[in-house]
Amino acid sequence: MGKNKTLAIIGNPNSGKTTLFNRLTGSNQHVGNWPGVTVDRKTGQVKYGGKAADMVDLPGIYSLSPYTQEEIIARSFVLSDELDGILNIVDAANLERNLYLTLQLIALGMPMVVALNFIDDCRAQGIEIDCNRLSELLGVKVVPISAKRGENMDELMGMLVGEMEAPRRQPAYLHGVGSAITRAAKVLECLPVRRASLPFYSAKLLEGDAAMKAQVELPPAAAAEVERIASGLSSHMNSEDREMIFADALYDFVEDAVRQSVTRPEDPPLTTTEKLDRIIINKWLALPIFAFLMFLMFATTFGPVGGFLKDLLEGAINGWLSPSVEGALTHVGAAPWLVGLICDGVIAGVGGVVSFLPQIVILFFFLSILEDTGYLARIAFIMDTLLRKIGLSGKSFVPMLMGFGCTTPAVMAARTMENEKDRRMTIMLTPFMSCGAKLPVYALFSAALFPDHAGAVTFSLYILGIVVAILAGFLLKKTVFRGVSAGFVLELPPYRMPTFKGTVLNMWEKAKDFITKAGTIIFLMSIIIWLLQNFTPTFQVAASSADSILGVLGTVIAPVFAPLGFGQWQASVSLLTGLVAKEAVVSTMSVLYGAGSTAALSGILGQVFSPLAGYSFLVFTLLYMPCMSAFATIRREMGGMKWALGAAAFQTVLAYLVALLIFQAGSLFF
């Protein structure tokens, strides 16, 4: 059996690319209604009629000009020898913008199919598209689809696994630049690239694309001839901006193609999106609406609903699982140390974290709804005005919003930023967002010390993270990252109803990640913490926890945190284990304090911490350096250990100073 052909699915952000990828391949990639969700290659397989094709989901991009990391990833792949064909997904309601990329892809001369997505939305708006006429103009097959509803999926899959056709013509070159491209293509015939792709290489070199020049390394004579052709084109078009000459040629063709193939209502009514945006992004109402939605989310998560489900799961763990395991071990004559390790170490540590699973699922349910509807993209738009006043771009807020889920992919999402200084600064600020791993710590302390205001306390931490990130960004912009920020361009997608399947899959992915971490990292950490708590530095059985390895270590570092209000060695050690995974703070405390349940641990914390000291501890947990996984990602994305260590030091020092300020200032009033 021969090797399956490899196809790339490529399109603009918000074109439904990942939804279509999941529909075609059965994958469970997360779908988000805002740019930056797909930041790397993802693969799956399309199967239809006994045939199969490998599908690669590339980042959403607007063009094949590599200004961002995601565009570099996409262009590198489509120019590689790995690819056999292209599935270009296009937002049917925004053809004028989407077809710009389509024409660049056609220039590659590869087998290609265009999928017009959201065709159902077009019908609802009274927009009619003559797909046959559009196909004739473009020279490639055009299929109207609805990825969300599965409309025309059979026809599309049949094309993908069958014999796909190469473009029948190069339509973009009919508008003043065709002659120059044809002449340049003849010069480039010496290059070891696909013959069909020579028009693309020609166009890019004539534009003056620096990345393309570095990639192809033309012989001096050929480079001089291409430059001569480009200069002649500039003179003929009376413009020195070569990139704009080609952009104008593409858009001229797009406008003509849309005029010939699309019929719109003469007096279209306001769309639902336009009506909602008059309220939701209103300059007076936008921030209050955002604050209200966030507060509602946290009030539900930590209120009666979340609390009831958490207590239910905790009761099952501590009221049934732990006694059952302890009874079974005692019945078979297990050694007391083994019973202690499993019940007081593993079950107490892992169970202390797992009991917060219902609240985490509820939180991510809300975040998934806000994201999939397109609301979070509008928050980035709203925040741009505020962020720009202090030297940042609203585009920085996109990775920061992703940081509410997990810091690691959020750091990767900074690849969408064109300006390198802004990208590095965003990476340094993103860990200040409250990732899901910090949630168990917030839930534990807020329930223990602020039982009547748990939701408000947690909400304040999320807001504090945003405020500190903004202020820290202002500081960095004035010192390390001086320079002008890149302009902020963000497409506001139309509001769409989240799908039940998409929301459930998103919640399941978050729950699976949480459970996997609890079953691996937290499991191992619980064992290690129990052992270090029960043995002295000379590996003798410790008479008390204070004499143990952890007790000695904690006693050494505890004075550092005393000015912050929590000088207990157990708190200090918990923060150290939090460097491995933030959830480990809870499991470590469960083991160190010998609490058999989170309810018991809450009671202990209520005696050990004052409310002010507890809040100071939460603030430090919020702001200090992220877990090792995120740290490793920061090192990779920043390009070296020096940057990563500098970011970690900056975050930890800032965490210390903010927690110190809160505790010392609060001590004057409470």
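Just so it is clear, the model here is predicted, and its values are computed rather than measured.
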- Check against salt bridge (Lys or Arg N to Asp or Glu O under 4.0 Å), Glu96 and Arg264: CA-CA 13 Å; Glu96 290 87 347; Arg264 303 178 187 275; 3.1 Å; yes

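- Checked by atom type and distance alone, the side chain of Lys17 pairs as donor or acceptor with a backbone atom of Leu58 at under 3.5 Å.
- Within 6.0 Å of CZ in Arg278 there are 12 or fewer heavy atoms belonging to other residues, nucleotides or ligands.
- Between Val113 and Asn88 there is no side-chain heavy-atom pair separated by less than 4.5 Å.
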- Message: Applying side chain to side chain contact (heavy atoms under 4.5 Å, CB included) to Asp57 and Thr43, what does each step give before you reach the verdict?
- Response: CA-CA 6 Å; Asp57 181 22; Thr43 59; over 6 Å; no

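- Residues Gln215 and Leu79 form a side-chain contact, since some pair of their non-hydrogen atoms from C-beta on lies under 4.5 Å apart.
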- Check the pair Lys186, Glu189 against salt bridge (Lys or Arg N to Asp or Glu O under 4.0 Å), reporting the backbone distance first and the verdict last. CA-CA 5 Å; Lys186 291 180 180 179; Glu189 288 179 352; over 6 Å; no

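- Using modelled atom types, one side-chain atom of Asn98 and one backbone atom of Asp91 make a donor-acceptor pair closer than 3.5 Å.
- Of the possible donor and acceptor atoms, none in the side chain of Ser368 sits under 3.5 Å from a partner among the backbone N and O of Phe365.
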- Item | Steps toward side chain to side chain contact (heavy atoms under 4.5 Å, CB included) verdict (Val262, Glu128) | CA-CA 6 Å; Val262 179; Glu128 297 179 4; over 6 Å; no

- Gln260 and Asp256: CA distance, side-chain angles, deciding distance, side chain to side chain donor-acceptor pair (under 3.5 Å) verdict: CA-CA 6 Å; Gln260 293 190 49; Asp256 185 58; 2.8 Å; yes

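- Here the CG-CG distance, from Leu134 to Leu116, works out to 6.0 Å after rounding to the nearest 0.5 Å.
- Asn152 places no side-chain N or O within donor-acceptor distance of the main-chain N or O of Glu155, the cut-off being under 3.5 Å.
- One finds the CE atom of Met212 at 10.5 Å from the CG atom of Leu218 (value rounded to the nearest 0.5 Å).
- Without hydrogens or angle criteria, Ser197 side chain to Leu108 main chain gives a donor-acceptor distance under 3.5 Å.
- Taking CG of Leu99 as the reference point, atom CG of Leu250 lies at 10.5 Å (rounded to 0.5 Å).
- Between the side chain of Gln104 and the backbone N or O of Leu64, at least one donor-acceptor pair lies under 3.5 Å.
- In the displayed structure, Glu217 atom CD is contacted under 6.0 Å by at most 12 heavy atoms of other residues, nucleotides or ligands.
- Other residues, nucleotides and ligands contribute at most 12 non-hydrogen atoms within 6.0 Å of the CZ atom of Arg149.
- For the pair Ser146 and Ile119, the tightest heavy-atom approach, listed with the atom from each and the gap, is N-CG2, 4.3 Å.
- A donor-acceptor pair under 3.5 Å is formed between the side chain of Lys5 and the backbone N or O of Leu160.
- Taking each heavy atom of Ile289 and Ile279 in turn, the nearest pair found is CD1-O, 3.8 Å.
- The nearest pair of heavy atoms linking Val161 to Tyr48 is CG2-O, 3.7 Å.
- Counting only distance, with no hydrogens or angles, the side chain of Asp209 and the backbone of Leu205 share no donor-acceptor pair below 3.5 Å.
- Minimum interatomic distance between Ile61 and Asn12 (heavy atoms only, all atoms of both residues): O-ND2, 2.9 Å.
- The cationic group of Arg123 does not satisfy the cation-pi geometry with Phe118, failing either the under 6.0 Å distance to the six-membered ring centre or the 45° limit from the ring axis.
- Between Ile245 and Met237, some side-chain heavy-atom pair lies under the 4.5 Å cut-off.
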- Message: Please determine whether side chain to side chain contact (heavy atoms under 4.5 Å, CB included) holds for the pair Thr25 and Gln45, giving the CA-CA distance in whole Å, both sets of side-chain angles, and the decisive distance to 0.1 Å.
- Response: CA-CA 5 Å; Thr25 65; Gln45 194 172 76; 5.7 Å; no

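- Pro111 is not listed as a side-chain neighbour of Ile86, based on a closest heavy-atom distance of 4.5 Å or more.
- Between the Asn117 side chain and the Ser15 main chain, a donor and an acceptor come within less than 3.5 Å of each other.
- In this structure, Leu276 and Thr271 have side chains that are not in contact, with every pair of non-hydrogen atoms separated by 4.5 Å or more.
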- Task: Assess whether side chain to side chain contact (heavy atoms under 4.5 Å, CB included) is satisfied between Leu20 and Ile9, documenting all intermediate values.
- Result: CA-CA 9 Å; Leu20 179 59; Ile9 177 170; 3.7 Å; yes

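- Remark: Ile10 CD1 to Met112 CE distance equals 9.0 Å, nearest 0.5 Å.
- Between the side chain of Arg423 and the backbone N or O of Glu637, at least one donor-acceptor pair lies under 3.5 Å.
- Atom CZ of Arg424 and atom CD1 of Ile634 lie 12.0 Å apart (nearest 0.5 Å).
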- Output, in order, the C-alpha distance, side-chain angles, deciding distance and verdict of salt bridge (Lys or Arg N to Asp or Glu O under 4.0 Å) for Lys148 and Asp120. CA-CA 10 Å; Lys148 182 172 69 173; Asp120 50 336; 5.3 Å; no

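- Taking every heavy atom of both residues into account, Leu7 and Leu83 meet most closely at C-CD1, 3.7 Å.
- By the 4.5 Å heavy-atom criterion applied to side chains, Phe246 and Leu206 are counted as neighbours.
- Considering only heavy atoms from C-beta on, Val193 stays 4.5 Å or farther from Leu188 through its side chain.
- In this structure, Glu227 pairs ionically with Arg242, as a charged nitrogen and a carboxylate oxygen lie closer than 4.0 Å.
- Here Tyr100 and Tyr251 bring their ring centres to under 6.0 angstrom of each other.
- A donor-acceptor pair shorter than 3.5 Å can be found between the side chains of Tyr495 and Arg378.
- Separating the CG atom in Leu233 from the OG atom in Ser239 is a distance of 9.0 Å, to the nearest 0.5 Å.
- The side-chain heavy atoms of Ile129 and Cys122, taken from C-beta on, include a pair separated by under 4.5 Å.
- In plain terms, the two heavy atoms of Ala249 and Val177 that are nearest each other are CB-CG2, 3.9 Å.
- Applying side chain to side chain contact (heavy atoms under 4.5 Å, CB included) to Phe200 and the options Arg194, Met110, Arg75 leaves one that passes, Arg75.
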